[in-house]
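What follows is a short report on a single structure.
Please read all numbers here as calculations on a predicted model, not as lab measurements. In what follows, chains are A, B, ... by sequence order, proteins preceding strands, each numbered from 1.
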Protein chains: 2
Amino acid sequence: MAEFEVLVEVQLRPGIADPQGATIERALPALGFSGVSGVRAGKAFRLRVEAAGPAEAREVAEALSARLLANPVIEEATVRVLTLGEAGPVLG
Amino acid sequence: MAEFEVLVEVQLRPGIADPQGATIERALPALGFSGVSGVRAGKAFRLRVEAAGPAEAREVAEALSARLLANPVIEEATVRVLTLGEAGPVLG
C-alpha cells in the first residue's frame, strides 16, 4: 500500500448561477487584468488516500466525492491523483 | 492569442487550523472510508485567460491569484494551466 495525494475540485454545474465567480470577473478590468473570462468559484479538497495504486486511489476519491464533497444536483466533482512534483504550491 | 483554461487552487497554509477539513476527516470512518488522511478544504477557481502561450497565461493567473483570490497571510495558491482533455469533469 502506498499513499496518494488527491485533489478533488468541486464546481457548480454549467448553467447554475455562480454569483461569486461573476463578481470576481466584473472586478478584474478595473484591477488591470484584461482578457480573463469564464471565472467560476468552487471548492478544492486535498486528501491522502492509502491504496495499492493510483487507479484504486482515484476510485476511493470518486466514491467519497459523490457521497460527501459534492451536491450532485448542482455540483460536479473532478478527481486528480497528483504525481510527485505536482503536489506542492506554485505561489509561496 | 489563444485561450487557456486555468485552475487556481487556494489552500490554507500548513499549520493554519482547518476545521472544515478536520470535520470531514473525522466523519469518513463511520461512512465506510478508511485509509484517508490529511483532508484539507480550500477553494478552486476556474479562469479562461487570453495569452500568447501557456507560460504567459500562468503569469497572469499567478498575479491575479496573489492579488485577488488568496489571502497570502494564511493561504497559498497553486496555478495549473490545463491541457486539452484535462479540463472536463470526471464525475458527471
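Linking ILVMFWY residues whenever their side-chain heavy atoms come closer than 4.5 Å, directly or via other members, places Val79(B) and Ile24(A) in the same cluster. Taken together through direct or relayed side-chain contacts under 4.5 Å among Ile, Leu, Val, Met, Phe, Trp and Tyr, Ile74(A) and Val8(A) form parts of separate hydrophobic clusters. Residue Ile16(A) is grouped with residue Val73(A) when hydrophobic side chains (ILVMFWY) are merged at heavy-atom distances under 4.5 angstrom, including chains of intermediate members.
Each of Leu64(B), Val39(B), Val36(B), Leu47(B) has some count of heavy-atom pairs under 4.5 Å with chain A, and the biggest count is that of Leu64(B). Highest contact tally toward chain A, considering only Leu7(B), Leu28(B), Leu69(B), is held by Leu7(B) [criterion: heavy-atom pairs under 4.5 Å]. Among Gly32(B), Gly35(B), Gly38(B), Ala44(B), the residue with the largest count of heavy-atom pairs under 4.5 Å with chain A is Ala44(B).
Arg58(A) places no side-chain N or O within donor-acceptor distance of the main-chain N or O of Val6(A), the cut-off being under 3.5 Å.
Contacts between Phe33(A) and chain B at a heavy-atom distance below 4.5 Å involve the side chain alone, from C-beta outward. With a threshold of 4.5 angstrom between heavy atoms, Leu31(B) approaches chain A through its backbone and through its side chain. With a 4.5 angstrom heavy-atom cutoff, Gln11(A) touches chain B only via side-chain atoms.
Proximity of Thr23(B) to Gln20(B): side-chain heavy atoms (C-beta onward) are nowhere separated by under 4.5 Å.
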